[in-house]
Amino acid sequence: MAADPVQTNRDDAIDRLGYAAATANYREVLANPEVDVVSICSPNFLHRELALAAVEARKPLWLEKPMGRSVDESRAITAAVEAAGLVSCVGFNYR
Ligand SMILES: NC(=O)c1ccc[n+]([C@@H]2O[C@H](COP(=O)([O-])OP(=O)(O)OC[C@H]3O[C@@H](n4cnc5c(N)ncnc54)[C@H](O)[C@@H]3O)[C@@H](O)[C@H]2O)c1
């Protein structure tokens, strides 16, 4: 299941990328028990919000670089993931 507030991006997720479903509200993805892991590829200003929500939902996560917009944001994500004991990864594909 993909989440994106933009309708054309949701359509693309299903038609081109093969997602089974798409929603405008990422919390629907986090609430879905069939979702085992999440990939957070939103704009940077949302990384902390989405990562902490994923941890709260107990979903292992892949988070695109940069983790946060500051050291404090990145540390908050790290602390939450470690406290929850979840597997996580930061994407640096092009680096
Ligand atoms: N791993 C790498 O090497 C690599 C390479 C490029 C970009 N990135 C990172 O990937 C992230 C995305 O980059 P991009 O160039 O694809 O940006 P983009 O702006 O093209 O795409 C971001 C997407 O997030 C969606 N979005 C916005 N608000 C949202 C929300 N509340 N919930 C769900 N989706 C939401 C947007 O509609 C858009 O489709 C950035 O953090 C960027 O730094 C990583």
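Atoms within a ligand are numbered from 1 in the order they appear, just like the ligands themselves.
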| task | Mind listing the closest non-hydrogen atom pair of Ala3 and Val29 along with its distance? | result | CB-CG2, 3.8 Å
| task | Could you check Val87, Val38, Asn32 and say which one makes a side-chain contact (heavy atoms from CB on, under 4.5 Å) with Lys59? | result | Val38
| field | Enumerated ligand 1 atoms positioned under 4.0 Å from heavy atoms of Val6 | value | 37 (O)
| message | For atom 42 (C) of ligand 1, tell me which residue out of Lys65, Arg27, Arg69, His47 has the closest non-hydrogen atom. | response | Lys65
| field | Per-atom contacts, ligand 1 versus Leu46 - under 4.0 Å to a heavy atom | value | 28 (N), 29 (C), 30 (C), 31 (N)
| query | For Glu34, does the CD atom have more than 12 heavy-atom neighbours from other residues, nucleotides or ligands under 6.0 Å away? | reply | no
| query | Should Asn44 and Pro66 count as side-chain neighbours, where that means a heavy-atom distance under 4.5 Å? | reply | yes
| remark: ligand 1 to Ser42, heavy atom cutoff 4.0 Å, flagged ligand atoms 11 (C), 12 (C), 24 (O), 40 (C), 41 (O)
| task | Below 4.0 angstrom from a heavy atom of Pro66, which ligand 1 atoms are there? Numbered from 1 as shown, please. | result | 43 (O)
| note | With heavy atoms and a 4.0 Å threshold, my read on which part of Asn93 contacts ligand 1 is both
| said: Please give me the minimum heavy-atom distance between Arg27 and Ala53, naming the atom from each residue. | reply: NH1-CB, 3.9 Å
| query | Considering all heavy atoms of both residues, which atom of Leu61 and which atom of Ala51 are nearest to each other, and what is their separation? | reply | CD2-O, 4.1 Å
| task | Tell me which one of Pro5, Ala2, Ala3, Ala24 gets a heavy atom nearest to atom 29 (C) of ligand 1. | result | Pro5
| Which of the numbered atoms in ligand 1 are below 4.0 angstrom from a heavy atom of Tyr94? | 3 (O), 5 (C)
| request: Considering non-hydrogen atoms only, spot the tightest contact between Ala76 and Arg48 and give its length. | output: CB-CD, 4.2 Å
| Counting each atom of ligand 1 from 1 as listed, which ones have a heavy atom of Asn44 under 4.0 Å away? | 40 (C), 41 (O), 42 (C), 43 (O)
| With only distance considered, is Gly91 within less than 3.5 Å of ligand 1 through an N or O on each side? | yes
| query | Heavy atom under 4.0 Å from ligand 1: found in Asp4's side chain, backbone, both, or neither? | reply | both
| said: Tell me if the CD atom of Glu49 is crowded by more than 12 foreign heavy atoms within 6.0 Å. | reply: yes
